[in-house]
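Reading through the structure tokens given below for one structure.
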Amino acid sequence: MLDELRKRIDKIDDKVLKLLEERISIALEIGKIKKEEKLSLLHTDREKGVLERLIKNRKLLPKEAISAIYREIFSVSLKLQGEPVIAYLGPSGTFTHQAAEQRFGASNKYIAFNEICDVFMEVVKKRADYGVVPIENSTEGIVSNTLDMFIDTDVVICDEIYLKISHCLLSREDDISKIKRVYSHPSVFAQCRKFLSENMPGVELIDMPSTAAAAKRVVDEACSAAIGNKWAGEIYSLNILKRQVEDFVSNTTRFVVIGREYGNATGCDKTSILFSVKDRPGALHDMLMPFAEQGINLTKIESRPSKIRAWEYMFFIDFEGHIQDEKVKMAISKLNKLCNYLKILGSYPKGEMV
């Protein structure tokens, strides 16, 4: 009976493989058309539509499994169409690396950079097709370096990724009592304050550009530990001394995919903009009124100094809808008449919260 069932599975696998190769051959034809018409390789609206249709029609497979399987299929298709280069905040093993592979799959070319500004510049200089950077954390708030780079460059947001963040204490040592210093990113230390104060009082905390850089640092250093993800621990062959050292179990980071153009509407989108206003009473209220008048839901407001004039601020706003939507067009048109400067950062599919 078991052998017979396995033979049936073998036959199904043969059919699946044949259909996958047929799908890839069609994707190659699409790739040729994209090159001829100078279209972007990444079409988030199309991918989202495919996933939504398949998930809606599923019977046994969990939606997470369907998403993971088809992300890899999309990844292979992209690679064969032109192998996009994806820059990310590295080194290998960061949460950003994990988010990038979650979005683009394992088949494409990834290049790690130690600074957020370098990821942006690779996209600006066309040495990378896309970049992946963190933009905000659910407990520590906005990543200011990312917002600043949107002011300084002309890249746009193509997509967003939400990733559940769980930190581990990693070390070559086998006992937490041996640890005299801990390396990690400053924002990660902030996310693990309670654990560190209760379990490692007096231990030296040393800032690193990323959690993966911290893990890499302690590989050959005695009496040291890093706070990072378990993936980094596996990559650098470190022991996990303690899991889930973050203060809040609901800790989530939002990442954005940056590129040089954004896609078409999917029907469930988000738009990001930035604008500047003079510091005067009621200025921000006036700027937000066009959205209220059109019934557009704002999901985030963040301010940063403009760096151009004293006491002038840049406001970053996320809201529901796509720049192609008529209500959005009307709100943006009215806003544009009120502010000193306005920039559309991108319209993209809303990421799935975790």
Side-chain angles (χ1 to χ4, degrees), residues 34 39-57 63-64 66-67 70-71 74-75 78 84 86 99-100 102-105 123 129-136 138 142-143 146-147 149-150 153-163 252-275 287-302 315-336 339 342-354:
K34 287 179 181 178
L39 300 174
S40 171
L41 287 176
L42 184 65
H43 282 262
T44 53
D45 52 327
R46 168 62 181 166
E47 291 184 5
K48 184 178 178 66
V50 170
L51 288 175
E52 286 181 347
R53 177 174 54 80
L54 293 172
I55 288 170
K56 183 179 180 181
N57 294 328
K63 64 178 183 178
E64 294 81 9
I66 293 173
S67 181
Y70 272 82
R71 283 296 178 199
F74 297 153
S75 176
L78 277 174
I86 297 103
Q102 178 178 305
R103 174 59 187 83
F104 288 97
V123 176
D129 298 286
Y130 303 101
V132 180
V133 291
I135 193 167
E136 63 177 320
S138 60
I142 208 72
V143 180
T146 298
L147 291 192
M149 288 307 298
F150 279 119
T153 65
D154 289 328
V155 303
V156 298
I157 301 174
C158 307
D159 206 351
E160 66 177 359
I161 309 140
Y162 288 92
L163 186 67
T252 301
T253 294
R254 175 189 174 208
F255 300 84
V256 290
V257 177
I258 57 173
R260 291 182 288 274
E261 58 186 82
Y262 48 84
N264 296 320
T266 68
C268 186
D269 301 292
K270 184 186 290 185
T271 295
S272 298
I273 64 172
L274 69 85
F275 61 86
M287 299 298 168
L288 301 183
M289 276 304 296
F291 298 100
E293 291 170 356
Q294 297 298 325
I296 296 171
N297 183 39
L298 304 182
T299 59
K300 170 166 277 302
I301 302 176
E302 193 78 26
F315 288 90
F316 290 79
I317 292 183
D318 292 339
F319 57 86
E320 293 178 351
H322 194 279
I323 196 64
Q324 296 171 350
D325 299 343
E326 286 304 317
K327 287 186 176 181
V328 172
K329 287 180 181 179
M330 292 177 69
I332 293 295
S333 176
K334 189 166 184 179
L335 174 64
N336 195 32
C339 57
L342 173 66
K343 181 179 180 181
I344 310 296
L345 296 182
S347 287
Y348 46 92
K350 288 174 64 176
E352 187 172 348
M353 303 286 285
V354 294

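Just so we're clear, the structure is a prediction, and the values are computed from it rather than from any experiment.
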So, using side chain to side chain contact (heavy atoms under 4.5 Å, CB included) as the criterion, who are the partners of Lys63 when residues are at least two apart?
Ile55, Arg58, Glu352
Distance, nearest 0.5 Å, that separates CG of Leu288 from CD1 of Ile296
11.5 Å
So do Val257 and Val132 actually touch side chain to side chain, heavy atoms under 4.5 Å?
yes
CG/Asn57: more than 12 non-hydrogen atoms of other groups inside 6.0 Å:
yes
To the nearest 0.5 Å, how far apart are CD1 in Ile142 and CG in Leu147?
4.5 Å
Hey, can you pull the donor-acceptor pairs under 3.5 Å for the side chains in residues 323-333, sequence neighbours left out?
| residue | atom | partner | partner atom | Å |
| --- | --- | --- | --- | --- |
| Gln324 | OE1 | Ala265 | N | 3.3 |
| Gln324 | NE2 | Asn264 | OD1 | 3.2 |
| Asp325 | OD2 | His322 | N | 2.8 |

Contacts of type side chain to side chain donor-acceptor pair (under 3.5 Å), residue Ser75, not counting sequence neighbours
Asn108
Taking side chain to side chain contact (heavy atoms under 4.5 Å, CB included) as the test, write out the residues that go with Asn297, two or more places apart.
Thr299, Glu320
Could you check if a side-chain atom of Thr271 sits within less than 4.5 angstrom of a side-chain atom of Ile273, using non-hydrogen atoms only?
yes
Under the side chain to side chain donor-acceptor pair (under 3.5 Å) test, residues paired with Glu136 that sit two or more places apart
Arg254, Lys300
Taking only residues two or more places apart in sequence or in another chain, which ones pass ring-ring contact (aromatic ring centres under 6.0 Å, His included) with Phe74?
none
Qualifying residues under side chain to side chain contact (heavy atoms under 4.5 Å, CB included), relative to Thr266, sequence neighbours excluded
Asp45, Lys48, Cys268, Asp269, Pro349
Salt bridge (charged side-chain N to carboxylate O under 4.0 Å, His left out) partners for Arg46, two or more places apart:
none
For Phe104, which residues count as a ring-ring contact (aromatic ring centres under 6.0 Å, His included) partner, sequence neighbours excluded?
Tyr130
For the atom pair CD1 (Ile317) and CG (Leu345), what is the distance rounded to the nearest 0.5 Å?
11.0 Å
Considering all heavy atoms, the nearest Ile161-Arg103 contact
CD1-CB, 3.6 Å
Flag the pair Arg260 / Asp129 as yes when at least one side-chain heavy-atom distance between them is below 4.5 Å, and no otherwise.
yes
Applying side chain to side chain donor-acceptor pair (under 3.5 Å) to Ser272 and not counting sequence neighbours gives Asp318, Tyr348
Mind checking what makes ring-ring contact (aromatic ring centres under 6.0 Å, His included) contact with Phe275, not counting sequence neighbours?
Phe315
Please indicate whether Lys34 has more than 12 foreign heavy atoms, meaning atoms of other residues, nucleotides or ligands, lying under 6.0 Å from its NZ.
yes
List the steps and the verdict of side chain to side chain contact (heavy atoms under 4.5 Å, CB included) for Tyr262 and Ile344.
CA-CA 10 Å; Tyr262 48 84; Ile344 310 296; 3.9 Å; yes
Using every non-hydrogen atom in the two residues, find where Cys158 and Gly259 come nearest and quote the distance to one decimal.
SG-N, 3.5 Å
Sequence neighbours excluded, the answer for side chain to side chain contact (heavy atoms under 4.5 Å, CB included) partners of Thr146 is Ile116, Phe120, Val133, Ile135, Val143, Phe150
Looking at CZ of Phe255 and CD of Gln102, how far apart are the two atoms once the value is rounded to the nearest 0.5 Å?
9.0 Å
Here the gap from Lys334 atom NZ to Phe291 atom CZ, rounded to the nearest 0.5 Å, amounts to 11.5 Å
